[in-house]
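Have a look at the structure below, then the notes.
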Amino acid sequence: MKNILLIGIVLVMLASCSTNKSNQMELVIDSKSTLGEGAIWNYKTGELMWINIKGKILNFYNPLTGSNREMLTGQMIGTVVPTETGYVLVALQNGIYAFDTKTGSKKLLVDPEADLPDNRFNDGKCDPAGRFWAGTLSTTGEKGVAALYRLDRDTTIHKMIENVSISNGIVWSRDKTKMYYIDTPTQKVVAYDYNNETGEIGNPKTAVEVPEEMGSPDGMTIDDDGNIWVALWGGSAVACWNPETGVLIRTIDVPAKNVTSCAFGDDDLGTLYITTARESTSEEELAKFPSAGGVFKTRPGVKGVEAFFFNDTN
């Protein structure tokens, strides 16, 4: 009887380890991008939008056809979000633009850092009310000279967080009361009180501290249970945390050293798409991870939530 109980305990432990550590990973696009980033699922078109920052490329991947459409943006591109009227907003090196995905034409909306030519826009997303939040970083590696901005539907822009170094992942809680934000070098996910009516934030508190041995926190998404999924630069993984408790739930191994962003997609929002980079990867590491820079996917057993669109309706 004791042996049977012992075997049962071992089996449970093995099942737990399997659930908490890794899932089957599939290479979707072998793009070998220098710096793949910005994954976001457009549930209206059934496409994964993602970017190659250094290649100045905006991508549209259709999983039903397996096709990936590339559009040149003319500048380094930090992130992309869909709009309610069918355009997209792109945060480029020198400002935020409205971008026509059919013609490739673009219109500058605002450039809040025209006086900082060494800065460029990086990651960003829309909040539940349809405002666009995007942050910047220094291309020369200078610390504390970047910021996080909020673009309202009337295209007025507001500096929300200053003294940022590398503005990265951002998501909102399911009840619309918290905003989670990553400034990569801090190794933290910070929770802010969030007012959905006004777009104001305050009372920052550390939600998650990412151990340096796991890599550095980069892009981020949130699932239907309210847990956050963080891409780990230098960590070859995506990790899931409970932001209420700061407890690590599990990690999923990714066959690339530098993992940059993740987004839930497909019709059921049950597929986790993951972007990666070849940048800052040695020849020895590339031999280990030949598909670094590609887009991967896995089915982690949880579902995401629909991405918010920029509200550009009248």
Side-chain angles (χ1 to χ4, degrees), residues 35-40 42 49-60 71-139 145-162 164-172 179 181-184 194 198-201 218-220 260-261 263 275 307-314:
L35 189 52
E37 253 282 9
I40 183 170
N42 186 329
M49 298 191 295
W50 65 282
I51 61 175
N52 181 350
I53 294 177
K54 297 293 179 70
K56 306 175 184 178
I57 298 171
L58 171 60
N59 296 272
F60 302 85
M71 298 190 76
L72 290 173
T73 60
Q75 298 177 33
M76 283 193 287
I77 173 173
T79 196
V80 57
V81 294
T83 75
E84 294 288 357
T85 60
Y87 284 74
V88 298
L89 295 188
V90 288
L92 301 183
Q93 182 164 358
N94 68 358
I96 296 172
Y97 290 75
F99 188 86
D100 188 324
T101 60
K102 295 179 180 178
T103 67
S105 64
K106 60 182 184 286
K107 176 185 177 183
L108 177 64
L109 300 180
V110 63
D111 182 8
E113 295 191 349
D115 59 330
L116 297 170
D118 289 331
N119 278 15
R120 70 164 175 84
F121 269 99
N122 200 43
D123 209 351
K125 286 190 180 75
C126 289
D127 69 15
R131 310 174 191 92
F132 181 36
W133 297 64
T136 57
L137 58 75
S138 167
T139 59
V145 297
L148 176 69
Y149 296 91
R150 189 192 78 214
L151 181 75
D152 291 349
R153 59 184 301 183
D154 62 359
T155 69
T156 57
I157 196 159
H158 310 270
K159 184 185 288 188
M160 304 303 294
I161 303 174
E162 54 187 11
V164 171
S165 293
I166 302 177
S167 188
N168 248 314
I170 185 169
V171 294
W172 287 264
M179 183 186 87
Y181 175 64
I182 293 170
D183 179 5
T184 292
Y194 165 74
T198 65
E200 293 301 317
I201 56 173
D218 202 316
M220 174 170 55
T260 55
S261 76
T275 60
F308 302 116
F309 286 37
F310 182 70
N311 189 349
D312 57 349
T313 58
N314 294 327

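Side chains included, hydrogens not; waters and symmetry mates left out as well; all remaining heavy atoms used.
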Test your reading of the model: is there a side-chain donor-acceptor pair from Asp183 to the backbone of Ser165, 3.5 Å cut-off? yes

Between Val81 and Cys126 the two heavy atoms that sit nearest each other are CG2-SG, 3.7 Å

Looking at Asp312 and Thr85, would you say the former's side chain and the latter's main chain have a donor-acceptor pair under 3.5 Å?
yes

Quick one, Leu109 and Leu89 - any side-chain contact, counting heavy atoms below 4.5 Å? yes

(request) Determine, step by step, whether Ser167 and Asn122 satisfy the side-chain hydrogen bond (donor to acceptor under 3.5 Å, both in side chains) criterion, reporting the C-alpha distance in whole Å, the side-chain angles of both residues, the deciding distance to 0.1 Å, and the verdict. (result) CA-CA 6 Å; Ser167 188; Asn122 200 43; over 6 Å; no

* Quick one: are Ile40 and Thr79 in side-chain contact, heavy atoms under 4.5 Å? -> no

### Message
Strictly below 4.0 Å, N to O, side chains only: are Glu113 and Lys159 in salt-bridge contact?
### Response
no

Those residues at least two apart in sequence (or on a different chain) that pass salt bridge (Lys or Arg N to Asp or Glu O under 4.0 Å) with Arg120 are none

Contacts of Lys54 meeting salt bridge (Lys or Arg N to Asp or Glu O under 4.0 Å) (sequence neighbours excluded), chain-then-number -> Glu279

Closest non-hydrogen atoms of Pro112 and Phe121, given as atom of the first, atom of the second and distance, are CG-CZ, 3.7 Å

- Query: Is there a donor-acceptor pair under 3.5 Å between the side chain of Asp152 and the backbone N or O of Thr156?
  - Reply: no

Derivation of the side-chain contact (heavy atoms from CB on, under 4.5 Å) call for Arg153 and Thr313
CA-CA 8 Å; Arg153 59 184 301 183; Thr313 58; 3.5 Å; yes

Met179 and Ile170 have their tightest heavy-atom pair at SD-CD1, 3.7 Å

